[in-house]
Protein chains: 2
Amino acid sequence: MSGPEQVATGVQLDPDRIETVELILDLSQAMTANLCAAAREHGLTPPQARAVLGLGAPAPMRDLANHLSCDKSHVTGLVDGLERLGLVDRQPDPRDRRVRHLVLTPAGQRVRDQLRVRLYVDAPAVGNLTPTEEEQLRALLRRALQPTD
Amino acid sequence: MSGPEQVATGVQLDPDRIETVELILDLSQAMTANLCAAAREHGLTPPQARAVLGLGAPAPMRDLANHLSCDKSHVTGLVDGLERLGLVDRQPDPRDRRVRHLVLTPAGQRVRDQLRVRLYVDAPAVGNLTPTEEEQLRALLRRALQPTD
DNA sequence: TATTGTTATACTCTATAACTATA
DNA sequence: TATAGTTATAGAGTATAACAATA
């Protein structure tokens, strides 16, 4: 569905810019699909996998909700599932008894490690670049994402 | 401090690689958020906006389902909404009366043009690069996404 | 028999609001 | 009064399966 530009009705857009945007979206989509496949292989839904990835250190449920950009009520169900799978424990905070700290179990740590290998080491496409090229790519992306003055 | 190593469970990953992947995901997420905001401003849901973007040329509903990587039954409801908004028409195929061709109305074309401006011209971050830098970025991304030899 | 699109149904993801138990 | 987490509920988004019309 990417035929020639409809000049009569379409706006004039820079084809180079279109390619840039499409390349970034394509790469991101490949990475996301790769992560979702890894999640399935571990019996996790994609949101559960993101939660596990976010638990590099113990954190209150509120913090995880912030990290996932979702409501705290949603985290309850997410963590219920991870607890049933034996990947996460809820631990009380001795200083504030309202708070529950989410802590990965050893099994949870292993799953997280494997998800990170899939997301980072087995990252699709990026591994095709040499280290030098990858550094050039990082430099350009950093500059692009830098807040404008 | 001679206790057991507290983070001994984590695998060691290349921090540079992690940064590369995070940068790509961040940039893609900014672009997606920008598109979703544009969709909202036009009274469209994000999937509806993606459908409009996919209709650069008239196409059967099955083709749109392929383009959106979703089931054809889902396209029915999506297009129902766009038809109610006056952005899309269903037109019969004279050669095969099972097929309905989806055609953007003039209003639909205008919405598509504006979505494309938001997605491509107003692309967040990429506009911070010079044309030369953007070409370097494209070259690297193209090489990364190229199927491995 | 196979395919296009629709309908009916159900499941996942996520939000809002009301509730509890703390603080 | 305000906050952390839970529960109940509702609404998108999407899939599967059965179906109708057509090929």
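Numbers restart at 1 for each chain; the letters A, B, ... are given by sequence-line order, proteins then strands.
With distances taken from any side-chain atom of Pro60(B) to the nucleotides dA23(C), dG5(C), dT16(C), the minimum falls on dG5(C). If you check dG5(D), dT7(C), dT22(C) against the side chain of Ser73(B), the one that comes closest is dT7(C). Between dT6(D), dT22(D), dT14(D), one nucleotide has an atom nearer to the side chain of Asp96(B) than all others, and that is dT22(D). In this structure, of dT6(D), dG13(D), dT4(C), it is dT6(D) that holds the atom nearest to the side chain of Met61(A).
Using a 4.0 Å heavy-atom criterion, one finds that Arg90(B) contacts the sugar-phosphate atoms exclusively.
Both Arg98(A) and Asp71(A) lie close to DNA chain D; mapped to their nearest nucleotides by heavy-atom distance, the more 5′-ward contact belongs to Arg98(A). Annotation: of the two residues near DNA chain C, Lys72(B) and Pro94(A), the 5′-most nearest-nucleotide partner is Lys72(B).
Of the residues in residues 74-87 of chain B, those placing a heavy atom less than 4.0 Å from an atom of DNA chain D are His74(B), in numerical order.
Salt bridge annotation for Asp93(B)-Arg100(B): absent, with no cationic side-chain nitrogen under 4.0 angstrom from a carboxylate oxygen.
Between the C1' atom of dT14(C) and the CZ atom of Arg50(A) lies a distance of 14 Å, rounded to the nearest Å. Atom CG of Leu68(B) and atom C1' of dG13(D) are 12 Å apart (whole Å). Taking atom CG of Asp93(B) as the reference point, atom C1' of dT3(C) lies 13 Å away to the nearest angstrom. Atom-to-atom, CZ of Arg95(B) to P of dT22(D) comes out at 18 Å; the value is rounded to the nearest Å. Rounded to a whole Å, the CG atom of Asp63(B) is 13 Å from the C1' atom of dG5(C). In this structure, Asn66(A) atom CG and dT14(C) atom C1' are separated by 16 Å, rounded to whole Å.
Residues Leu35(A) and Arg118(A) have side chains not in contact (no heavy-atom distance under 4.5 Å, counting atoms from C-beta outward). Side-chain atoms of Gln48(A) and His42(A), non-hydrogen and from C-beta on, never get closer than 4.5 Å to each other. A heavy-atom distance below 4.5 Å is found between the side chains of Leu85(B) and Leu44(B). Asn34(B) is not listed as a side-chain neighbour of Leu119(B), based on a closest heavy-atom distance of 4.5 Å or more.
Residues Leu129(A) and Leu140(A) are members of one and the same hydrophobic cluster, defined by side-chain heavy-atom contacts under 4.5 angstrom among Ile, Leu, Val, Met, Phe, Trp and Tyr.
The heavy-atom pair separating Leu53(B) from Arg112(B) by the smallest distance is O-NE, 3.1 Å.
Within the 4.0 Å cut-off from OP1 or OP2 of dA4(D), at least one side-chain nitrogen or oxygen of Arg62(A) is found.
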